Amino acid sequence: RSKWKSNTITYRIARYTPDLSRGEVENSLRLALNIWSDAAPLKFVQVNHGNADITFSFLSKAHGDFFPFDGPGGVLAHAFEPGEGTGGDVHFDEDETWKARHSRSGYNLFTVAAHEVGHSLGLSHSRDPTALMYPKYKFINAATYKLPRDDTLGIQALYG
Ligand SMILES: CC(C)C[C@H](C(=O)NO)C(=O)N[C@@H](CC(N)=O)C(=O)NCc1cccc(N)c1
Ligand SMILES: [Ca+2]
Ligand SMILES: [Zn+2]
Ligand SMILES: [Zn+2]
């Protein structure tokens with residue numbers, strides 16, 4: 001499995017979503033990154049131009065890689081494992097309704113981003129239904145969330 005060579009990882013938000021303010025997007029993504037930097041010696045640095053290890057974008061349908069999105073529902077987002085170019089990048093399906101808080105009519109950006117960042121760091125899906133890396137969406141409250149044991153063991157195995 002691939003991993004980043006350095007524990008300092010840069011990220012850039014290349015495309016935002018009209019569903020949320022820029023501040024809500026930046027806050028949700030920062031909280032999602034903090035989940036992982038609280039569990040392993042990782043440092044995330046935001047860059048606003050040029051190349052970054054992890055580039056976040058909101059995109060819909062066919063968008064330039066081999067994984068076109070599918071409209072509302074179904075696939076919510078995908079992320080590439082660590083590497084050059086698109087390696088590490090996170091794409092959110094713009095055809096979903098993105099929310100900054102819990103809502104029955106939409107998906108919580110922090111929750112999905114936390115899962116996707118796990119992939120960007122080199123983790124694959126877990127069979128443990130309590131794990132963040134379990135393939136099914138389940139809302140998590142950023143204010144009280146503690147990374148489950150399965151995910152902590154996974155990230156420590158890579159960067160601990
Ligand atoms: C085969 C993959 C491209 C599926 C895709 C995924 O796992 N991306 O990381 C995905 O969007 N899976 C959905 C499955 C679904 N529609 O329930 C999902 O919610 N993944 C994000 C997610 C968010 C938060 C928590 C968890 N456990 C999973
Ligand atoms: Ca979708
Ligand atoms: Zn994509
Ligand atoms: Zn996933």
Side-chain angles (χ1 to χ4, degrees), residues 1-13 17 25-45 52-59 63 65-160:
R1 220 161 24 177
S2 59
K3 60 172 287 211
W4 299 104
K5 286 179 287 299
S6 159
N7 281 25
T8 299
I9 298 163
T10 56
Y11 73 96
R12 185 166 77 89
I13 305 169
T17 171
V25 170
E26 282 157 14
N27 196 45
S28 300
L29 297 183
R30 194 176 316 108
L31 287 170
L33 292 162
N34 288 350
I35 290 287
W36 297 102
S37 52
D38 288 350
L42 294 167
K43 193 169 177 313
F44 295 105
V45 176
D53 295 320
I54 299 176
T55 301
F56 293 98
S57 304
F58 290 81
L59 302 160
H63 54 271
D65 58 27
F66 292 107
F67 310 98
F69 282 130
D70 52 0
V75 173
L76 309 179
H78 54 228
F80 296 87
E81 62 177 25
E84 297 301 312
T86 62
D89 291 0
V90 175
H91 297 163
F92 297 104
D93 188 348
E94 183 48 77
D95 288 334
E96 311 306 338
T97 303
W98 295 102
K99 297 285 185 182
R101 272 167 293 286
H102 183 35
S103 140
R104 255 169 291 287
S105 65
Y107 290 97
N108 177 260
L109 178 57
F110 160 76
T111 302
V112 178
H115 172 90
E116 298 308 325
V117 170
H119 289 310
S120 303
L121 294 172
L123 296 181
S124 35
H125 283 149
S126 166
R127 284 179 302 288
D128 177 343
T130 66
L132 175 56
M133 295 315 293
Y134 190 66
K136 281 304 279 175
Y137 172 85
K138 192 174 66 199
F139 170 76
I140 53 180
N141 180 341
T144 58
Y145 190 63
K146 279 286 302 143
L147 192 65
R149 192 174 141 67
D150 185 68
D151 306 291
T152 303
L153 291 172
I155 200 69
Q156 292 270 335
L158 282 178
Y159 301 95

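For clarity, every value in this text was computed on a predicted model and none was experimentally measured.
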Quiz item: Looking only at atom types and distance, does a side-chain atom of S120 sit under 3.5 Å from a main-chain N or O of E116, one as donor and one as acceptor?
Solution: yes

Quiz item: For the atom pair OG1 (T86) and CG (D65), what is the distance rounded to the nearest 0.5 Å?
Solution: 7.5 Å

Quiz item: Between atom CG of D70 and atom CG of L76, what is the distance when rounded to the nearest 0.5 Å?
Solution: 8.0 Å

Exercise. Measure across N108 and A100 and return the closest heavy-atom pair with its distance rounded to 0.1 Å.
Key: ND2-O, 3.4 Å

Quiz item: Going by the salt bridge (charged side-chain N to carboxylate O under 4.0 Å, His left out) test, which pairs reach into residues 84-99, not counting sequence neighbours?
Solution: K61-D95

Quiz item: Which pair of heavy atoms, one from G88 and one from I54, lies closest together, and at what distance?
Solution: O-CG2, 3.3 Å

Quiz item: Looking at OG1 of T17 and CG of L59, how far apart are the two atoms once the value is rounded to the nearest 0.5 Å?
Solution: 10.5 Å

Practice problem: Quick one: list whatever passes ring-ring contact (aromatic ring centres under 6.0 Å, His included) with F92, sequence neighbours left out. | Solution: F58, W98

Quiz item: For the atom pair CG (L123) and CH2 (W36), what is the distance rounded to the nearest 0.5 Å?
Solution: 5.0 Å

Quiz item: Is there a donor-acceptor pair under 3.5 Å between the side chain of T10 and the backbone N or O of D53?
Solution: yes

Quiz item: Does a side-chain heavy-atom distance below 4.5 Å link L33 with I9?
Solution: no

Quiz item: How close do H119 and P82 get, heavy atom to heavy atom, and via which atoms?
Solution: O-CD, 3.9 Å

Practice problem: Please round to the nearest 0.5 Å and tell me the distance separating atom NZ of K43 and atom OG of S37. | Solution: 10.0 Å

Exercise. State, to 0.1 Å, how close P41 and N7 come at their nearest heavy-atom pair, and which atoms those are.
Key: O-ND2, 2.6 Å

Self-check item: Donor-acceptor pair, side chain of W4 and main chain of G122, under 3.5 angstrom
Solution: no

Self-check item: Closest non-hydrogen atom pair, S6 against T8
Solution: OG-N, 2.9 Å

Quiz item: Among H63, H125, H115, which one satisfies ring pair (Phe, Tyr, Trp, His ring centres under 6.0 Å) with H78?
Solution: H63

Quiz prompt | Side-chain donor/acceptor of D151 to backbone N/O of L132, under 3.5 Å | solution = yes

Quiz item: Under a 4.5 Å cut-off applied to non-hydrogen side-chain atoms, are F56 and V117 in contact?
Solution: yes

Quiz item: Taking C-beta and beyond as the side chain, do L147 and D38 meet within less than 4.5 Å on heavy atoms?
Solution: no

Self-check item: 4.5 Å side-chain heavy-atom contact, D150 and T130
Solution: no

Self-check item: Pairwise side-chain hydrogen bond (donor to acceptor under 3.5 Å, both in side chains) hits with a residue in residues 133-147, at least two apart
Solution: none

Quiz prompt | Check: F139 main-chain N/O paired with T111 side-chain donor or acceptor under 3.5 Å | solution = no

Quiz item: What closest approach, in Å, do L31 and A142 show between heavy atoms, and which atom pair accounts for it?
Solution: CD1-CB, 4.0 Å

